[in-house]
Student: 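There's a structure below that I have some questions on.
Keep in mind that what you see is a predicted model, and the values were worked out from it rather than measured.
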Amino acid sequence: MATTLARSGFLRNVVRRGSSGISPAPKRNFSSSAHDDAYETAKWEKITYLGIASCTALAVYILSKGHHHYDAPPAYPYLHIRNKEFPWGPDGLFEIKEEHH
């Protein structure tokens, strides 16, 4: 069976390539010409530099304006800060106080 598959693959390749058995090099048609590639590269390089310059100018403008300072928020009762000591003392709940001799 393996020889049959190998023979059919061989015969298929011979039929595709012609009687000489040499296949022509495949032609790549990804772009129309080298001139178009150079033109596109130069165009996108200019667009990139223009974008960098415009983003930098916009950032400088926005950051130079400063920002608004808001008034202090009202003292809402739920923002009450605890001013008395904790029941376990100021040292912490799980800390053991070392005594110096």
Student: Quick one: CD1 on I47 to CD1 on I52, what's the gap to the nearest 0.5 Å?
Tutor: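 Spacing of CD1 (I47) from CD1 (I52) equals 12.5 Å.
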
Student: State, to 0.1 Å, how close G51 and S54 come at their nearest heavy-atom pair, and which atoms those are.
Tutor: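 Where G51 meets S54 most closely, the heavy atoms are O-OG, 3.0 Å.
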
Student: When you look at NZ of K43, are more than 12 heavy atoms from neighbouring residues, nucleotides or ligands closer to it than 6.0 Å?
Tutor: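 It does: K43 NZ has more than 12 such atoms within range.
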
Student: Just list the side-chain donor-acceptor pairs under 3.5 Å for residues 63-71, sequence neighbours left out, or say none.
Tutor:
{"from": "S64", "atom 1": "OG", "to": "V60", "atom 2": "O", "distance (Å)": "3.0"}
{"from": "S64", "atom 1": "OG", "to": "Y61", "atom 2": "O", "distance (Å)": "3.0"}

